[in-house]
There are 2 protein chains.
Amino acid sequence: MQALSVKVATNLSSDLKAATPDRQKGIDRVIDLLEGLLRLRAPAKPGDLARLIGAPRSTTYEIVNRLVTAELLDYVGNDGRVYFGRSMQLFGAAFADVNTVYRRAVAAMTALAAETQVTAQVCALRGSKYVVLDSRSGAALHRITSDVGVEVPIPWTASGRLLLGHMTAEAIRAFVPDEDFRLPDGRLLNREDFIADVMTCTAQGWCETTGLADHFTRCFAAPIRDTDGLCRMTLCLVAPVDTAPDQHAIFLARLRAAAAQLSLQEPSFP
Amino acid sequence: MQALSVKVATNLSSDLKAATPDRQKGIDRVIDLLEGLLRLRAPAKPGDLARLIGAPRSTTYEIVNRLVTAELLDYVGNDGRVYFGRSMQLFGAAFADVNTVYRRAVAAMTALAAETQVTAQVCALRGSKYVVLDSRSGAALHRITSDVGVEVPIPWTASGRLLLGHMTAEAIRAFVPDEDFRLPDGRLLNREDFIADVMTCTAQGWCETTGLADHFTRCFAAPIRDTDGLCRMTLCLVAPVDTAPDQHAIFLARLRAAAAQLSLQEPSFP
DNA sequence: AACGTTTGTCCAGTATATCAGACAAAAAAT
DNA sequence: ATTTTTTGTCTGATATACTGGACAAACGTT
């Protein structure tokens, strides 16, 4: 699902940009800083990071210098900016390598994108939002990642109707913020309709939506189930909204087959 | 370059497994824990992580719980084990997406692997060691990542003779630990010969080595230069040692062309 | 069933890390 | 050239985080 200009919120320990008289733990500052860089998606100078996360400059300089020493951040350019470093690439690669289901999901996503010539994605929950973990465009087998990492309200997405499938109606009401039911175009989704969708889609094992996050795409999602039956990731196809209906049926069939194949696997981790 | 059973060392703030009476900063514990998990390359329980990094159990439980809340770690399985979480996948993806040269290097690596049918890799320095950042096997275009993230002594590698090209002889002597000149098979490389190699390979713009880390592979490396002329990454091919010499020449030519193409690019970051 | 070991959380003490603000140097503005 | 603003580091105070060890529950062994 391709997200447009989305306002995101994560489980930060402190509100970004809000000056806080209270002292924060260094670990919380580190997490805020990394989350802030993820949101920014561009290198930044330590002073700018201090402002971004509302931390004292001396604290921020100390943390940045420590993370640079550990190569979680690298300096880039010649003007003091920092960005995610090689250690982050390696931690991410380690995540992908050891998680067998994830590794297979990425392979399936790549194959689906090549076969269908539309965008294929692997998606999951992050905090109380939906996020694309990885993405492939059918047109060219290099990574198109404009959506990867961008947190999107769950009700805007096909995957969201599968990722909450293990929750009770009450739990869903508590989990999804009220404001997330308002679509980018201003329409307000009915929460109870959404909950009904979650139940229906979970039962049928797939979901198809049109024109939620934007008016131009049709999204197909199928659950990747763990051995405990929970859907922690989904496999998705994102097609132009005017794709022929017979193509829809083909996309959905291929997607469900690929996701089912993944769900039959051994546990995600050895 | 494919590494065998390699003993690794990183810039840890405290020696792993060494109980330390001195109090550590929480941030240092976090970094030790992430480095330890990267080395372990498997999920682990918090108690085991405490032993691995020599931290008090109460401190480790607190840090693990905080990192799980932020999804830098995820619980896996049903027995309390944790491993790198979705946030790490996203930080790593953000690293790869925004670093233009890196993204192009991965595309070039993938193309080279398909074309040559041998393993292609993108490599860099990490601390005072060499590391594979990403890898593709020619035989199947899915990620073979047994070497990704494993730190290897620099003198064992073709890339190492390019990655140190910006250093003086004196700086190299200070940078590479003496023990790293001993190969896995017991042979001791001459440090001054190594330094001469660095100068020669840097000048000629490529390096080819055989039977350093192991006896079965021939490694070709070419520098990916930043706009400041420094070689911060290399592009490599790893071929069986008995590959025909005319194949060698073809591999090297293709490799150098691809790396040169990358080095002509705009700066790594906007 | 009884006993021993390990786990995960809790608690109080104290060493120290976080912070506001100072400061000099560098950069930007006039 | 001068003045103003920003940067990056430094310092001392004190609130607190890290720790060892205690504890109950869970698990493993006999």
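Reckoned from all heavy atoms, side chains included, excluding hydrogens, waters and symmetry mates. Note on naming: letters A, B, ... go to the chains in the order of the sequence lines (proteins, then strands), and numbering restarts at 1 for each one.
Under the 4.0 Å criterion applied to side-chain N and carboxylate O atoms, B:Lys25 and A:Glu62 are assigned as salt-bridge partners.
Regarding A:Arg23, its CZ atom lies at a distance of 8 Å from the C1' atom of C:dT16, rounded to whole Å. Straight-line distance from the CG atom of A:Leu49 to the P atom of D:dT7: 12 Å, rounded to whole Å. Atom C1' of nucleotide D:dA17 and atom CZ of B:Arg29 are separated by 13 Å, given to the nearest angstrom. Distance CD (B:Glu62) to P (D:dG21): 19 Å, rounded to an integer number of Å. Going from atom CG of A:Asp28 over to atom C1' of D:dC18 covers 14 Å, rounded to whole Å. Rounded to whole Å, atom P of D:dA17 lies 9 Å from atom CD of A:Gln24.
Judged purely by distance below 3.5 Å, without hydrogens or angles, the side chains of B:Ser87 and A:Arg126 pair a donor atom with an acceptor atom.
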Which atoms of nucleotides 8-12 of chain C (N or O only) lie under 3.5 Å from a protein N or O atom, and what are those distances?
| from | atom 1 | to | atom 2 | distance (Å) |
| --- | --- | --- | --- | --- |
| C:dG8 | OP2 | B:Tyr61 | OH | 2.4 |
| C:dG8 | O5' | B:Tyr61 | OH | 3.2 |
| C:dG8 | N7 | B:Arg57 | NH2 | 3.1 |
| C:dG8 | O6 | B:Arg57 | NH2 | 2.6 |

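The main-chain N or O of B:Arg225 is never found under 3.5 Å from a side-chain atom of B:Arg232 such that the two would form a donor-acceptor pair.
In terms of position along DNA chain D, the nucleotide closest to A:Asp48 lies nearer the 5' end than the nucleotide closest to the other residue of the pair B:Ile63 and A:Asp48.
Take A:Arg191 and apply the salt bridge (charged side-chain N to carboxylate O under 4.0 Å, His left out) test, not counting sequence neighbours, and it matches A:Asp178.
With A:Leu34 as the partner, the side chain to side chain contact (heavy atoms under 4.5 Å, CB included) test is satisfied by one option alone out of A:Leu38, A:Ile31, A:Asp32, A:Val30: A:Val30.
Taking the six-membered ring for Trp and the full ring otherwise, B:Phe194 and B:Phe181 have centroids separated by under 6.0 Å.
Of the candidate nucleotides C:dA15, C:dT18, C:dT7, C:dT7 has the atom lying nearest to any side-chain atom of B:Arg51.
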